[in-house]
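These figures come from a predicted structure and were not determined experimentally.
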Amino acid sequence: MRTEIGPFRSPAAGGDQRRAYFRSRIEAIQHSLLVPALYQPIWRRWLLLESLRGSNWADPQAKVEVHFPKPQWVDPESDAKATREMLAMGLISRRQAVAQLGYDVAKVDAEIAADREREAALGLAFGEKPKEQNGIQP
């Protein structure tokens with residue numbers, strides 16, 4: 001006799017199916033419980049304090065935007081490929097992709113620009129085909 005367990009069709013359901021179910025449950029809890037119970041009250045309190053301070057930029061109609069970090073990678077190559085495809089299809093923005101990694105896109109962009117400027121000044125080229133550097137061929 002076969003027993004059905006939750007969303008699984010059989011006890012021998014694959015690990016990928018269980019992982020996907022677990023991730024979807026965690027995301028549902030994050031957005032249905034943590035955002036309304038924790039983040040929104042903190043945001044409203046912060047807006048109130050800013051308005052009491054006389055700050056003009058705090059918009060009382062502004063909504064809190066929460067990006068939880070992605071779960072740890074099980075297969076980094078396929079996760080990176082999936083993110084690249086979602087970006088190419090317009091399903092997420094680069095800002096969202098960077099936020100899911102736990103970083104601020106403005107800081108990341110500033111660091112990348114500084115890195116490229118320093119690399120150009122030193123005649124370095126990373127992430128491209130090897131070039132002739134200082135008269136030495138690879």
Side-chain angles (χ1 to χ4, degrees):
M1 183 164 112
R2 187 168 84 181
T3 308
E4 296 205 9
I5 303 170
F8 308 118
R9 297 280 183 241
S10 73
D16 290 341
Q17 186 179 8
R18 284 191 293 257
R19 237 186 323 271
Y21 176 73
F22 178 75
R23 283 185 177 187
S24 68
R25 295 290 297 158
I26 292 299
E27 288 175 10
I29 290 169
Q30 288 173 333
H31 290 285
S32 65
L33 180 67
L34 289 178
V35 172
L38 182 64
Y39 292 102
Q40 287 175 344
I42 291 171
W43 178 251
R44 284 193 301 270
R45 177 62 59 97
W46 184 82
L47 285 174
L48 173 66
L49 292 173
E50 284 297 307
S51 66
L52 291 174
R53 272 187 27 180
S55 176
N56 292 333
W57 75 268
D59 179 10
Q61 301 302 319
K63 302 256 187 242
V64 64
E65 187 175 315
V66 178
H67 296 280
F68 291 99
K70 280 184 164 179
Q72 291 220 336
W73 287 350
V74 175
D75 182 3
E77 184 178 359
S78 65
D79 285 349
K81 183 178 177 184
T83 299
R84 187 172 37 251
E85 289 176 7
M86 287 191 300
L87 284 165
M89 293 171 31
L91 298 176
I92 61 171
S93 68
R94 187 170 163 276
R95 179 180 299 275
Q96 289 172 321
V98 172
Q100 288 175 347
L101 294 173
Y103 301 109
D104 177 12
V105 73
K107 288 181 182 178
V108 170
D109 289 345
E111 289 176 10
I112 290 171
D115 286 347
R116 288 184 179 163
E117 186 178 318
R118 186 176 56 253
E119 290 165 8
L122 295 172
L124 301 173
F126 297 107
E128 300 173 4
K129 290 182 178 179
K131 295 180 181 177
E132 182 179 328
Q133 295 179 5
N134 298 333
I136 302 171
Q137 292 237 344

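Under the 4.5 Å side-chain heavy-atom criterion for grouping Ile, Leu, Val, Met, Phe, Trp and Tyr, F126 is connected to L122 within one hydrophobic cluster. Taken together through direct or relayed side-chain contacts under 4.5 Å among Ile, Leu, Val, Met, Phe, Trp and Tyr, I112 and L101 form part of one hydrophobic cluster. If you chain together hydrophobic residues whose side chains sit under 4.5 Å apart, L34 and I26 never meet in one group. Residues L33 and L38 do not share a hydrophobic cluster, clusters being chains of Ile/Leu/Val/Met/Phe/Trp/Tyr side chains in contact below 4.5 Å. With hydrophobic clusters built from ILVMFWY side chains whose heavy atoms lie under 4.5 angstrom apart, L47 does not share a cluster with L52.
Taking OG1 of T83 as the reference point, atom CG of L91 lies at 11.0 Å (rounded to 0.5 Å). Here the OG-CD distance, from S32 to E27, works out to 11.5 Å after rounding to the nearest 0.5 Å. To the nearest 0.5 angstrom, R44 atom CZ is 14.5 Å from Y39 atom OH.
By the 4.0 Å N-to-carboxylate-O rule, E50 lies close enough to R53 to be salt-bridged with it.
Side-chain contact between V35 and Q40: present, with at least one pair of heavy atoms (C-beta onward) separated by less than 4.5 Å. Looking only at side-chain heavy atoms (C-beta outward), I92 and L87 come within less than 4.5 Å of each other.
The shortest non-hydrogen separation linking P41 to P36 is CD-O, 3.2 Å.
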